[in-house]
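Atoms considered below: every heavy atom in the structure, side chains included; atoms not considered: hydrogens, waters and symmetry mates. Computed from a prediction, not measured in an experiment: that's the story for all the values here.
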Amino acid sequence: MQQRLNAMLLRHGRIWRGCAKWSFAHRAWVDRQVFDEPALAEAFSLYRGGLEAREAELAAAEARLAAWAGREPLAGPVARLGGYRGSRS
């Protein structure tokens with residue numbers, strides 16, 4: 001869904017000039033985009049809704065799996081992997 005949203009923005013001359021895509025700043029920029037054409041506004045809204053739904057699904061899956069991370073036999077390896085860059089606490 002991120003790819004579709006990015007492609008739509010690019011097709012309509014909306015180019016992100018910041019650093020990393022999908023950072024907090026990029027997401028805020030995406031949220032500020034407005035289309036005057038009703039069909040484009042609807043498509044943009046659908047893409048954003050799809051992205052938000054997918055993010056909610058991933059958060060729910062992570063929450064369900066987090067319970068397993070503290071149980072043996074996974075607790076030790078998960079704790080070691082938690083120290084790597086990019087891992088979430």
Side-chain angles (χ1 to χ4, degrees):
M1 204 50 68
Q2 290 176 338
Q3 175 61 33
R4 289 182 180 187
L5 196 54
N6 278 330
M8 179 183 182
L9 291 169
L10 285 172
R11 277 193 308 273
H12 296 283
R14 314 288 175 95
I15 300 170
W16 169 245
R17 303 278 186 207
C19 296
K21 286 189 178 177
W22 302 108
S23 62
F24 180 78
H26 180 257
R27 184 62 181 259
W29 175 80
V30 169
D31 290 343
R32 289 191 307 271
Q33 300 305 303
V34 176
F35 290 92
D36 294 328
E37 170 64 39
L40 291 175
E42 182 66 21
F44 186 65
S45 177
L46 289 170
Y47 287 151
R48 286 183 59 212
L51 180 60
E52 290 168 5
R54 185 64 181 136
E55 288 171 344
E57 290 172 5
L58 289 173
E62 285 179 358
R64 288 193 318 267
L65 292 173
W68 292 99
R71 297 180 189 167
E72 290 302 329
L74 300 175
V78 168
R80 285 190 299 278
L81 289 171
Y84 285 107
R85 180 178 177 199
S87 62
R88 298 179 190 176
S89 305

R11: partners by side chain to side chain contact (heavy atoms under 4.5 Å, CB included), with sequence neighbours left out: A7, M8
Members besides V78 in its Ile/Leu/Val/Met/Phe/Trp/Tyr cluster (side-chain heavy atoms under 4.5 Å): W68, L74
Over 12 foreign heavy atoms within 6.0 Å of CZ, R14: yes
Partner set under side chain to side chain contact (heavy atoms under 4.5 Å, CB included) for E37, not counting sequence neighbours: A39, L40
Contacts of E52 that satisfy side chain to side chain donor-acceptor pair (under 3.5 Å) - sequence neighbours left out: none
Listed partners of L58 passing side chain to side chain contact (heavy atoms under 4.5 Å, CB included), at least two apart: R54
Hydrophobic cluster partners of F24 (side-chain heavy atoms under 4.5 Å): none
Single-linkage hydrophobic cluster, 4.5 Å side-chain cutoff, Y47 and W22 together: yes
Residues that F44 engages under ring pair (Phe, Tyr, Trp, His ring centres under 6.0 Å), provided they are two or more places apart: F35
R32: partners by side chain to side chain contact (heavy atoms under 4.5 Å, CB included), with sequence neighbours left out: A28, W29
Closest heavy-atom pair and its distance - N6, K21: ND2-CD, 3.9 Å
From M1 atom CE to Q3 atom CD, the distance as rounded to the nearest 0.5 Å: 11.5 Å
Nearest atoms (heavy-atom pairs only) where A75 meets G70: CB-O, 3.6 Å
Residue list, salt bridge (charged side-chain N to carboxylate O under 4.0 Å, His left out) with D31, at least two apart or on another chain: R27, R48
Heavy-atom side-chain proximity of H26 to V30 below 4.5 angstrom: yes
